[in-house]
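Presented below is the structure to which this report refers.
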Amino acid sequence: MADSRTIRIVTEVEADQALKELQDLQAGLRKFKTEQSKAIEGSKEWQDATDNIEKVKLEAERSRNAFSAYFKTFDIGSKSVNDLTAAQRQLNAIVRTLEPGTADWKEYTGVLNQVKRRISDLTKEYQNTEAAICKTSKAAKTFADYVISAAGLKNIVTGFVDRLSNLTQAFTEYADLQADVQKTTGLTKAEVEALGESLSKIDTRSSQAELMELATTAGKLGITGKENIEAFVRAADQIEDLGEGAIREIGKISDVFGLTDTYGIEQAYLKIGSAINSLGQASSASEAYLVEFTQRLAGVGKQAGMTVDQILGYGSALDQNAQNVEMAATAFQGFTTQIFSKPAYFANLAGIEVQKFTELLQTDANQAIRSVLTALSQQGGFQQLIPVFEGMQLDGSRAVAVLTSMATNIKAVEEAQALSREEFEKGTSITNEFATKNNNAAAN
């Protein structure tokens with residue numbers, strides 16, 4: 001890395017931009033290397049590919065220098081756990097673009113290990129602080145039980161009057177919340193009161209009012225019955241960390257794939273949320289992107305026989321390669337639809353025996369799609385798809401760029417799908433992270 005004394009301070013936003021550029025460059029590098037391997041050495045095509053490889057390498061080095069500058073000024077000791085977690089994701093992403101054993105790989109890996117150790121140290125500090133707070137709180141309560149001065153008594157009376165006024169307002173606001181829940185869910189007044197009593201027993205740092213608002217959301221989504229609403233609130237309280245409105249979209253995804261009927265509301269939502277959360281932790285893909293991409297692909301994906309975790313894997317790879325979510329979802333949706341409507345065309349285009357491909361499409365659509373992407377990438381056949389997309393009223397070039405991005409990063413797709421499947425099955429990732437935040441010193 002360059003000497004920190006000669007580098008200007010690079011902001012976090014610039015570092016993020018450098019990462020996106022680097023990931024795009026890596027995709028381009030793989031493309032040019034493929035072209036080079038197919039061309040005859042010494043030919044114009046071979047030389048063009050070689051020149052492009054060198055240009056991309058130079059650009060990649062500039063992007064890495066931006067990262068170098070950022071982490072030279074990144075004071076690990078002064079950062080919060082959230083900042084360190086974000087840095088860990090960035091470093092994981094850039095390390096994956098480097099060849100193991102090189103000087104850059106060793107240096108970035110070293111910084112990554114420092115960040116991991118600091119996160120571990122802070123976690124231990126929080127746990128020790130929690131224990132001290134609990135111990136001090138018990139001692140203070142014991143003392144307060146026995147000692148009340150005259151001045152203290154006066155303060156208590158004054159405080160009581162003030163709090164009585166505040167409580168009156170709070171009761172009024174809570175009554176409004178109960179009315180909202182009753183209106184949207186169809187529960188009786190007695191059932192709403194019983195629901196509020198049950199929600200008050202949830203171990204969470206969210207307020208009772210916030211939980212009742214989630215119950216109102218459940219009613220708006222068509223969820224009925226006290227037990228179902230309660231299950232929704234428990235799951236939604238954890239999933240809200242995935243982004244504003246995430247619970248609504250995950251609810252729609254669950255319904256489309258029939259997961260609510262299979263696992264029940266709470267487990268279905270937590271399984272989807274855990275898969276999304278784990279992908280966000282393991283890469284530079286954002287949880288909000290994954291939620292939107294999967295929601296957009298849910299209908300076609302379900303009809304094609306794909307699963308939620310498989311679609312999330314494609315979304316993860318696309319976001320890591322800076323593909324616009326709307327364009328990426330539209331292109332992939334159109335591609336999937338065309339494959340099913342023209343299996344023979346795509347089998348021939350990809351060099352796969354038609355009967356074999358048709359059977360694979362019926363039994364494992366995900367594998368069939370990955371096979372087409374891989375084959376087209378190796379054969380350079382994506383340009384032939386431009387007219388197909390233009391016939392669908394899509395921007396053919398941009399749609400092909402999306403598919404090329406997936407094909408050149410098919411390994412990332414496979415890894416993301418494997419992780420997504422594992423975490424979906426366990427369904428615990430989102431709960432574990434929620435528990436960590438719910439039980440830290442600030443929550444206590």
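At a threshold of 4.0 Å, the pair E359-K356 does not count as salt-bridged, since none of the basic side-chain nitrogens sits closer than that to a carboxylate oxygen. Salt-bridge check for D48 with K44: passed, with a basic side-chain N closer than 4.0 Å to an acidic carboxylate O.
For the atom pair R248 CZ and I253 CD1, the distance stands at 14.0 Å (nearest 0.5 Å). Note that OG of S286 and CG of L279 are 11.0 Å apart. Values are rounded to the nearest 0.5 Å. Once rounded to the nearest 0.5 Å, the distance linking CD1 of I276 with CD1 of I239 reads 8.0 Å. Rounded to the nearest 0.5 Å, atoms OG1 (T216) and CD1 (I229) are 9.0 Å apart. Atom CD of Q362 is separated from atom CG of D364 by 11.5 Å, given to the nearest 0.5 angstrom. Expressed to the nearest 0.5 Å, how far CD1 of I202 lies from CG of L214 amounts to 9.0 Å.
When atom types are taken as modelled, the side chain of S341 and the backbone of Q338 share a donor-acceptor pair closer than 3.5 angstrom. Looking only at distances, no side-chain donor or acceptor of T294 sits under 3.5 Å from a matching main-chain atom of V291. Under a 3.5 Å cut-off, the side chain of S254 and the backbone N or O of T260 do form a donor-acceptor pair. A donor-acceptor distance shorter than 3.5 angstrom exists from the side chain of N228 to the backbone of T224, with no hydrogens or angles considered. A donor-acceptor distance shorter than 3.5 angstrom exists from the side chain of S200 to the backbone of E197, with no hydrogens or angles considered.
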For this session: Applying side-chain contact (heavy atoms from CB on, under 4.5 Å), run through Y314 and M306 and close with a yes or a no.
Result: CA-CA 11 Å; Y314 290 110; M306 298 176 69; 3.4 Å; yes
Problem set entry | Steps toward side chain to side chain donor-acceptor pair (under 3.5 Å) verdict (D237, T204) | CA-CA 8 Å; D237 191 31; T204 176; 2.6 Å; yes
Exercise. Should S198 and K226 be marked as a side chain to side chain donor-acceptor pair (under 3.5 Å) after you check the CA-CA gap, both sets of side-chain angles, and the distance that decides it?
Worked result: CA-CA 10 Å; S198 297; K226 176 180 172 294; 3.2 Å; yes
Exercise. Would Y263 and I272 count as a side-chain contact (heavy atoms from CB on, under 4.5 Å) if you check the C-alpha gap in whole Å, the side-chain angles of each, and the deciding distance to 0.1 Å?
Worked result: CA-CA 11 Å; Y263 300 105; I272 298 172; over 6 Å; no
Exercise. Where do I369 and Q310 land on the side-chain contact (heavy atoms from CB on, under 4.5 Å) test, with the steps shown first?
Worked result: CA-CA 11 Å; I369 291 170; Q310 290 169 349; over 6 Å; no
For this session: Go through the steps to decide whether F293 and D319 satisfy the test side-chain contact (heavy atoms from CB on, under 4.5 Å), and finish with yes or no.
Result: CA-CA 9 Å; F293 181 84; D319 191 23; over 6 Å; no
For this session: Show your working on side chain to side chain donor-acceptor pair (under 3.5 Å) between Q367 and R370 and close with a plain yes or no.
Result: CA-CA 5 Å; Q367 185 58 48; R370 290 194 331 206; 3.1 Å; yes
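Here the shortest heavy-atom pairing between A304 and T336 reads CB-CG2, 4.0 Å. Minimum interatomic distance between G301 and I311 (heavy atoms only, all atoms of both residues): CA-CD1, 3.9 Å. For the pair N409 and S405, the tightest heavy-atom approach, listed with the atom from each and the gap, is ND2-O, 2.8 Å. What you find for W46 and I40 is that their closest heavy atoms are CB-O, 3.1 Å. Across Q238 and L270, no two heavy atoms sit closer than the pair OE1-CD2, 3.6 Å. Between S274 and E423, the closest heavy-atom pair is CB-O, 3.8 Å.
Relative ring orientation between F335 and F346 is described as perpendicular, the plane-to-plane angle rising above 60° on a 0-90° scale split at 30° and 60°.
Annotation: side chain to side chain contact (heavy atoms under 4.5 Å, CB included) contacts of R296 (sequence neighbours excluded): E292, E326, A329. Partners of K411 under the salt bridge (charged side-chain N to carboxylate O under 4.0 Å, His left out) rule, at least two apart in sequence or in another chain, do not exist in this structure.
With no hydrogens or angles considered, a side-chain donor-acceptor pair links Q320 and S316 at under 3.5 Å.
In E227, the CD atom is not crowded: 12 or fewer heavy atoms of neighbouring residues, nucleotides or ligands sit closer than 6.0 Å.
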